[in-house]
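Here's the structure we're looking at; comments come further down.
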Amino acid sequence: MTVNRPRGTRDFLPTDTARRRYVESVMRNVVRNWGYSEIITPTFEHLDLFTLKSGEGIIGELYNFTDKGGRDLTLRPELTAPVMRMYVNELQPFPKPLKLFYFENCFRYERPQKGRFREFWQFGVELIGSGRPDSDAEVIALADALLKAAGIQGDMKIGNLAVIRTLLKGLEPEIVSKVMRLVDKKEYAGLEALLEEIGAEEQLKSDIFRLIHLEGKYTLPQAKEIVGNIPELVSFEKTLKLLDAYGVNYSLDFGIARGLDYYTGMVFEVYAEGLGAQKQVCGGGSYQLIKLFGGGDVPSTGFGIGFDRIMEICPLVPPALKNLVLVSKPETHLEAAKLATTLRNYLPVHIDLMERNFKAQLTYANTINADYVVIVGEKELEAGKLTLKDMVSGEQEFLTLEEVIEKVSRN
RNA sequence: GCCGGGGUAGGGUAGAGGUUAUCCUGUGGCCCUGUGGAGGCCACGAUCCGAGUUCGAUUCUCGGUCCCGGCCCCA
């Protein structure tokens, strides 16, 4: 009987893993230079953490379970809630703003399809303690920088929920939720029907439709005409000016709605081509979640990048490491082991582990695409030297250990 | 949860209700005990799982499972 991978999980072969680790390191360098610190939260949490944030309905999409102590737990489906919990539990006294990032696996019980797995990785940032235009702009610019560093050509859309919320101020909360949902899904027919059904005024209807059809980068003045010069738009304008300064390319979209109540102002999404139906590679915004978890009224801004989706379209190739195979004879094998230890301070070194004969060791070096072979035979030991063979050119030299190190450690 | 298409060695494939299931590649070994890439030989290695129909199923039927694409959802 063979056991297979659980559905929606993946094995990463050596070359896959090397690519993923490389892109990960590129992204880590970016956030590090923006001054963000990495945190790690538990792989599983109390079920409550996520139902509190997203409602009971998400249980159907969770890998939840009861442990032997009868606790209701779940593998994490995302990391914003865990980070907020961590903040409330431990980080409240830390200097603000808190600039955090994570790179972790998450689990969702969903039907797998292109760009969607049951175990997937998220690279995310949370900036806690500032709700100002500057922090909104920084977070967007950082997302942009990360995607660019990974070689992703994305389409950045930025919206602001305050605008549509202002328009809907007079409506019942549940109606507002419904409207936001329809707006987010761009179901304009349904939206029109709903507005008709609740007897919305003509002015409101036309305002909503004008607003959600605003397109492009310079639609802020028109938004102001619709809702007036509300404070949120003044802040938003500052955010956008900063983004121009950061050199971020974006378009405005006041139709990004995000159903959930804790999104307060700025929201953004990045879409990329080549991913089929699951095109969104990044999503984020400013939110108020901390109060929900028992903390104060602390504004935050963050985003998550779908790392697996990025890997689908990322053109980055990890730099190849030069490697070396030591070829020895039975009589010189111990000496080869000693040399391996020394050479391993400089580059990856392989030594025969299968008691192969001389020729077979060279064949092995060839099949693994070794860059160098160092021959440790009787002749070499007698002369106190080594034979260095360049496997690409085929050339050989008779050198001292120091000379070998000098040559092979150059790159 | 729903719809559609799939599943033959590690990868890629051929064929077929009935003898030992084809070929390429791969891996290990040998030809070749101090010189790799070519070639030859040998070995390893598969019908996704279960039930049904049948004298006989890898092939037909059903169920499951996994993969691919889409719907729903997307915190």
Side-chain angles (χ1 to χ4, degrees), chain A residues 1-11 13-15 45 47 49-62 74 76-84 106-118 120 122 124 181 184-185 187 256-263 267 269 271 275-285 287 289 292 302-304 306 309 325-332 353-382 386-396 398:
Chain A
M1 178 191 125
T2 64
V3 179
N4 295 311
R5 260 179 286 138
R7 179 167 208 196
T9 62
R10 290 156 295 160
D11 290 317
L13 274 49
T15 48
E45 294 269 2
L47 183 61
L49 179 64
F50 301 103
T51 53
L52 209 55
K53 175 176 178 242
S54 309
E56 297 290 325
I58 49 146
I59 292 179
E61 284 154 62
L62 295 179
T74 184
R76 59 183 169 215
E78 50 113 8
L79 278 132
T80 299
V83 174
M84 293 304 112
C106 300
F107 307 84
R108 294 184 190 178
Y109 194 87
E110 291 188 294
R111 177 87 202 227
Q113 61 187 73
K114 189 175 176 68
R116 176 183 283 183
F117 305 96
R118 289 186 169 182
F120 59 98
Q122 281 208 336
R181 246 183 94 80
D184 196 43
K185 293 171 78 174
E187 280 184 17
I256 302 176
R258 304 226 141 180
L260 295 151
D261 293 338
Y262 53 79
Y263 280 102
V267 286
E269 297 172 343
Y271 296 89
L275 287 168
Q278 308 299 322
K279 288 162 67 161
Q280 191 179 334
V281 294
C282 175
Y287 57 87
L289 260 178
L292 196 58
F303 63 82
R309 292 181 187 176
V325 171
L326 274 171
V327 171
S328 61
K329 309 261 297 180
E331 307 77 43
T332 63
L353 304 173
M354 294 179 69
E355 300 186 334
R356 284 180 165 125
N357 64 35
F358 190 93
K359 188 181 178 78
Q361 291 182 48
L362 268 171
T363 304
Y364 170 72
N366 190 55
T367 58
I368 67 162
N369 279 316
D371 296 282
Y372 304 105
V373 159
V374 166
I375 296 169
V376 191
E378 296 99 323
K379 286 184 212 162
E380 283 79 7
L381 291 191
E382 277 167 28
L386 297 164
T387 299
L388 175 67
K389 182 179 176 83
D390 182 319
M391 289 297 278
V392 180
S393 67
E395 285 165 19
Q396 295 191 184
F398 207 53

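Remember, predicted model here, so these are calculated numbers, not experimental data. Below, read A as the first sequence line, B as the second, and so on, with proteins coming before strands; counting in each chain starts at 1.
The residue Y262(A) sits close only to the backbone: its heavy atoms come under 4.0 Å of sugar-phosphate atoms, none of a base. Residue-level contact check: Q280(A) touches neither bases nor backbone, having no heavy atom under 4.0 Å from any strand. Using a 4.0 Å heavy-atom criterion, one finds that K359(A) contacts the bases of the nucleic acid, with or without backbone contacts as well.
Across C48(B) and A43(B), the matching P atoms stand 25 Å from one another, rounded to whole Å. A46(B) and U58(B): their C1' atoms are spaced 10 Å apart (whole Å).
The base of U35(B) lies close enough to the side chain of Q396(A) for a donor and an acceptor atom to sit less than 3.5 Å apart. Contact of R5(A) with C67(B) (side chain to base): no donor-acceptor pair of N or O atoms is detected under 3.5 Å.
The side chain of K185(A) places no N or O atom within less than 4.0 Å of a non-bridging phosphate oxygen (OP1 or OP2) of C74(B).
Under the Watson-Crick or G-U wobble criterion, with both distances below 3.5 Å, G18(B) is paired with C55(B). Pairing for G39(B) is with C31(B), a Watson-Crick or G-U wobble pair whose two hydrogen-bonding atom distances lie under 3.5 Å. Nucleotide C44(B) has G26(B) as its partner under the Watson-Crick or G-U criteria, with both atom distances under 3.5 Å.
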Which pairs, protein N/O on one side and nucleotides 25-30 of chain B N/O on the other, fall under 3.5 Å?
{"from": "G28(B)", "atom 1": "OP1", "to": "R356(A)", "atom 2": "NH2", "distance (Å)": "2.7"}
{"from": "G29(B)", "atom 1": "OP1", "to": "R356(A)", "atom 2": "NE", "distance (Å)": "3.4"}

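Mapping N366(A) and E78(A) onto RNA chain B by nearest heavy atom places N366(A) at the nucleotide closer to the 5' end.
Geometrically, R118(A) engages Y109(A) in a cation-pi contact, judged by NZ or CZ lying under 6.0 Å from the ring centre and within 45° of the ring axis.
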Starting from the C-alpha separation in whole Å, work towards a yes-or-no answer on side-chain hydrogen bond (donor to acceptor under 3.5 Å, both in side chains) for E380(A) and T387(A). CA-CA 7 Å; E380(A) 283 79 7; T387(A) 299; 2.5 Å; yes
